[in-house]
Amino acid sequence: MLEKRYDFSSREEHWQEYWRENEIYKFNPEAEERYMIDTPPPTMSGNIHLGHIASYTQLDVIARHQRMLGKSVFFPFGYDNNGLPTERYVQKNSKLKMNEITRGQFIEKCYDAIDELKPIYREVFFRAGHSADFDETYSTITPRTQEISQRSFLDLYKKGEIERRNSASLWCPECRTTIAQSEIDTAELDSVMNYITFGIKDSEERLKIATTRPELLSACVCVFVHPEDEARAHLVGKTAISPLYNAEVPIIANPDVDREKGTGAVMCCTFGDEADAKWQKEYNLPILEAIAYNGKMTALAGEFEGLKVIEARKAIIEKLRETGILYDQTPLTHPVATHERCGTAIELLTKPQWFIKLLDHKDELYQAGLDCKWYPEHMQKRFLNWVDGLKWDWCISRQRFYGIPFPVWYCEDCGEVILADESDLPVDPSATQPKCACPKCGGTKFKPENDVMDTWATSSLTPQICTDMLTKKGLDDTYTPMNLRPCAHDNIRVWNFYTIAKSLLHFGKLPWKDVVIHGWGLSATGTKLSKSKSNGGTLGPVDTYKKYSADATRYWTSNASLGKDIYITEEEFKNGFKLMQKLWNASRFVLPFLEGYTPREIELLPMDCWIIGCYKQTFERFMSYMEKYEMGLALNELEQLFWNFCDNYIEIAKNRLYKPEVYGEHAKESAQYTSHTVLRGMLKLFSIYMPHIAEEIYQDAFAEFEACKSIHISKYLDLGKYTGNDVSAGNEVCEIVSKIRGYKSQKGLSLKEELKKVTITGAPQFVKDCVDDIRAVCNIVNLEFADGEKDVIIEE
RNA sequence: GGGAGCUUAGCUCAGUUGGUAGAGCAUCUGCCUUACAAGCAGAGGGUCACAGGUUCGAGUCCUGUAGCUCCCACCA
């Protein structure tokens with residue numbers, strides 16, 4: 001018997017523990033049919049919020065759906081605790097500066113932070129009723145993961161896909177590390193265009209040049225003009241003299257120059273922007289470093305040495321003004337590349353870095369984008385677009401403390417790269433030494449590579465890291481391509497892209513077949529929920545579970561459209577809560593009539609056939625939506641059926657169930673069979689969205705009947721193909737009932753009010769066969785049928 | 001500048017292959033009905049962004065326009 005009230009707060013926890021103890025969600029690698037998900041490990045960088053719950057719950061709905069199709073579902077859970085986000089979190093919360101403590105101490109701090117955060121993260125997901133295995137989880141910083149990640153490095157190095165190059169790379173002066181193209185944001189910043197003049201050697205002429213980066217004047221290596229620039233044609237081949245520094249630089253004609261921009265003459269520095277870097281390579285120009293890794297000017301800048309870039313810019317402008325070299329200024333706003341993590345304008349600096357070759361593989365990457373199935377489909381374009389615009393190889397060196405080290409030393413004598421032995425992985429080259437002498441020069445002194453790898457170099461291996469929990473084989477492709485990678489739309493060019501790249505480079509195949517793109521959880525005002533910013537006022541996940549239940553929280557998130565952002569509104573939690581109550585109450589009505597009842601096949605009354613037809617129709621639509629990962633639309637279909645069941649079917653069945661002495665035992669049994677079947681079927685469909693209450697009711701009423709330990713490992717109730725005939729006729733009955741209810745409503749009568757006589761005209765045979773049901777549900781003394789136009793005539 | 005998506009009821013959104021506009025929320029009216037008042041019944045509410053075109057017929061297909069959102073490019 002179900003209690004009058006469903007006490008979700010205690011029952012939800014009860015079932016969570018039950019599922020865990022009984023290993024309901026355990027993956028069976030031997031299963032005939034498997035469904036494997038490459039779960040995104042949440043980044044451990046602070047407080048977890050409802051946005052996470054939104055996307056992970058959608059994923060859980062998918063996992064549960066696949067499980068109820070009879071597949072064994074691999075739904076791992078992991079923690080992404082490797083790298084910059086965690087590092088920044090630790091720095092911020094402990095108010096530490098990187099240069100004030102040792103690397104070892106800092107790493108300890110990071111591990112401590114992870115230990116504190118892990119249980120919080122686990123709790124939030126576990127209490128949402130997620131069907132992942134929380135007892136065996138992975139993390140992106142464990143020794144085992146480090147081993148896999150380093151092995152990936154060695155493998156790609158040996159394949160010739162990784163190399164160390166000394167070239168321009170994207171540098172964040174705030175984080176003091178190189179970053180990748182994918183980590184760039186663009187910010188619209190105010191700036192000033194400064195018009196200055198260069199001298200010309202052996203000439204009185206001055207050459208006008210515009211620049212937004214006068215602080216790089218000391219690193220000016222060349223001046224370009226357009227080949228068709230007649231006014232300046234005579235200068236090509238001559239030597240320009242930079243102001244203040246009096247450096248002699250060549251004047252070269254270059255078709256890349258945009259004659260409309262600035263003055264039409266460009267100074268090329270090391271490096272003002274990507275064009276500078278390109279030209280440096282193209283003309284083999286000298287590399288002059290005016291900016292140091294800490295974002296301050298070097299000795300090259302002369303009197304401006306030690307100033308930060310922005311300060312130096314102000315100072316040099318002042319100086320240029322004083323000396324009369326600056327002849328004009330115009331304010332402008334322009335887009336500046338910034339580091340997405342900290343918003344600092346990035347610089348291009350030269351430093352030896354490790355690169356994974358991507359530009360050589362653009363075609364394969366593009367093809368991989370075509371080969372994956374994207375949901376929603378148009379997200380594929382974003383991937384292809386990104387591959388198209390790829391300009392940099394993937395720089396994987398990071399000048400940070402906390403991360404996975406490169407398994408690499410350099411020979412102090414000859415500089416040769418010495419790789420760690422695979423059997424020694426994971427290694428920390430700063431703590432150990434190579435086992436043999438340098439193969440090239442026989443040297444025995446080595447210095448370690450002190451950089452660590454980009455976090456994405458590791459998280460791009462999640463298919464290998466998570467399936468390693470099954471195979472213990474590390475970098476292995478036994479289970480790839482997996483079935484599904486879920487991912488937010490902002491991660492298409494990052495996590496998705498790199499995972500595809502690694503899988504292609506290592507194994508020559510896709511990491512997974514399907515990609516589902518989910519939106520962001522947005523606050524009611526439409527701002528993105530973020531771990532680092534607080535969107536004050538919004539509920540936290542655990543508060544929401546407490547106030548509205550986990551099931552209601554899940555309802556909110558699963559009701560979203562594929563790929564679309566979802567807004568947090570308490571309205572939706574309330575709706576979820578109401579649905580839960582309704583499910584409870586409907587079951588509380590039906591189930592007592594099913595005590596001691598065992599279903600057997602009998603001939604069903606027309607309206608019973610009708611609701612079963614409705615169920616079949618819903619079931620088909622539900623399945624086809626879920627096939628496309630459209631869980632929100634599937635849920636809508638289901639809800640429609642459920643309300644129909646409550647408002648129309650139960651009202652009809654009620655009379656037969658209560659009064660078999662009036663309507664007959666057969667009519668009662670027909671209603672019993674039908675409500676048993678349809679409620680059981682609907683519960684299963686609901687169970688992927690609201691697993692707790694579905695389990696509660698299932699255990700009370702159906703678990704024994706199905707001899708199944710949990711609704712979540714039972715199979716959907718497929719009643720066969722919907723043929724389409726019975727539903728429309730039954731709907732007509734509902735319309736007639738609705739008309740009669742409307743009549744009472746308009747007259748201000750109670751619905752139980754007795755009607756003396758009702759005549760239904762133009763009704764088909766099906767409706768006539770339902771005479772008892774209609775009479776009962778509308779409380780009609782005398783119900784008659786007549787020929788003529790379809791109508792309902794009521795006499796009080 | 002290149003690409004993608006969106007525009008349907010006051011709000012949030014559905015609308016599969018063209019065939020009389022749908023749901024939830026909100027609003028209004030009525031109803032304590034032996035599951036549920038956190039409920040039930042009923043009602044009002046839309047030139048489907050705009051303009052053309054194809055068609056017997058267009059929210060749906062084609063072309064164009066406008067507005068919003070996102071991705072990419074744009075640092076002289």
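In what follows, every chain begins at residue 1, and chains take the letters A, B, ... in the order their sequences are listed.
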- Item | Pairing of A/Glu696 and A/Arg11 as salt bridge, 4.0 angstrom limit | yes
- Message: Taking only the C1' atom of each, what is the distance from B/C62 to B/C25 in whole angstrom?
- Response: 36 Å
- Message: So A/Gly742, base contact, sugar-phosphate only, or nothing? Heavy-atom distance under 4.0 Å.
- Response: sugar-phosphate
- Message: For A/Lys739 and A/Glu572, find the nucleotide of RNA chain B closest to each by heavy atoms; which residue's nucleotide sits nearer the 5' end?
- Response: A/Glu572
- Message: Need one value for A/Cys646: base, sugar-phosphate or nothing, where a base atom within 4.0 Å counts as base even if backbone is also close, heavy atoms only.
- Response: base
- What does A/Ile650 touch in the nucleic acid at a heavy-atom separation under 4.0 angstrom: a base, only the sugar-phosphate, or nothing? base
- Which part of the nucleic acid does A/Asn636 contact within heavy-atom distance under 4.0 Å: base, sugar-phosphate only, or nothing? nothing
- So, A/Phe224 and B/A76: ring centres less than 5.5 Å apart, planes less than 30° off, yes or no? no
- Item | Interatomic distance at C1', B/G57 relative to B/A21, whole Å | 15 Å
- Contact class for A/Trp584 (heavy atom, under 4.0 Å): base, sugar-phosphate, or nothing? nothing
- Message: Please classify the nucleic acid contact of A/Leu633 as base, sugar-phosphate, or nothing, using heavy-atom distances under 4.0 Å.
- Response: sugar-phosphate
- A/Lys752 vs A/Glu571, nearer the 5' end of RNA chain B by closest nucleotide: A/Glu571
- Determine the interatomic distance between C1' on B/G45 and the same-named atom on B/C31; round to the nearest Å. 23 Å
- Message: Under 4.0 Å, counting only non-hydrogen atoms across every strand here, what does A/Ala275 touch: a base, just sugar-phosphate, or nothing?
- Response: nothing
- Message: Using a 4.0 Å heavy-atom cut-off, does A/Gln181 contact any base of the nucleic acid, only the sugar-phosphate backbone, or nothing at all?
- Response: sugar-phosphate
- Item | Cation over ring face, A/Lys208 and A/Tyr327, 6.0 Å, 45° | yes
- Map every base of RNA chain B to its dot-bracket character, where paired means a Watson-Crick or G-U wobble contact with both distances under 3.5 Å and | marks a partner outside the strand. (((((((..((((.....[..)))).(((((.......))))).....(((((..]....))))))))))))....
- A/Lys391 near the nucleic acid: base, sugar-phosphate alone, or nothing, with a heavy-atom cut-off under 4.0 Å? sugar-phosphate
- Task: Could you check whether A/Asn779 gets within reach of a base, just the sugar-phosphate, or nothing at all, counting any heavy atom under 4.0 Å?
- Result: nothing
- For atom C1', what is the distance between B/G46 and B/A41, given to the nearest Å? 24 Å
- Message: What's the gap between B/U65 and B/A23 when it is taken at their P atoms, as a whole Å value?
- Response: 36 Å
- Message: Which residues pass the salt bridge (charged side-chain N to carboxylate O under 4.0 Å, His left out) test with A/Glu732, not counting sequence neighbours?
- Response: A/Lys790
- N-O pairing of A/Glu215 and A/Arg213 below 4.0 Å: yes
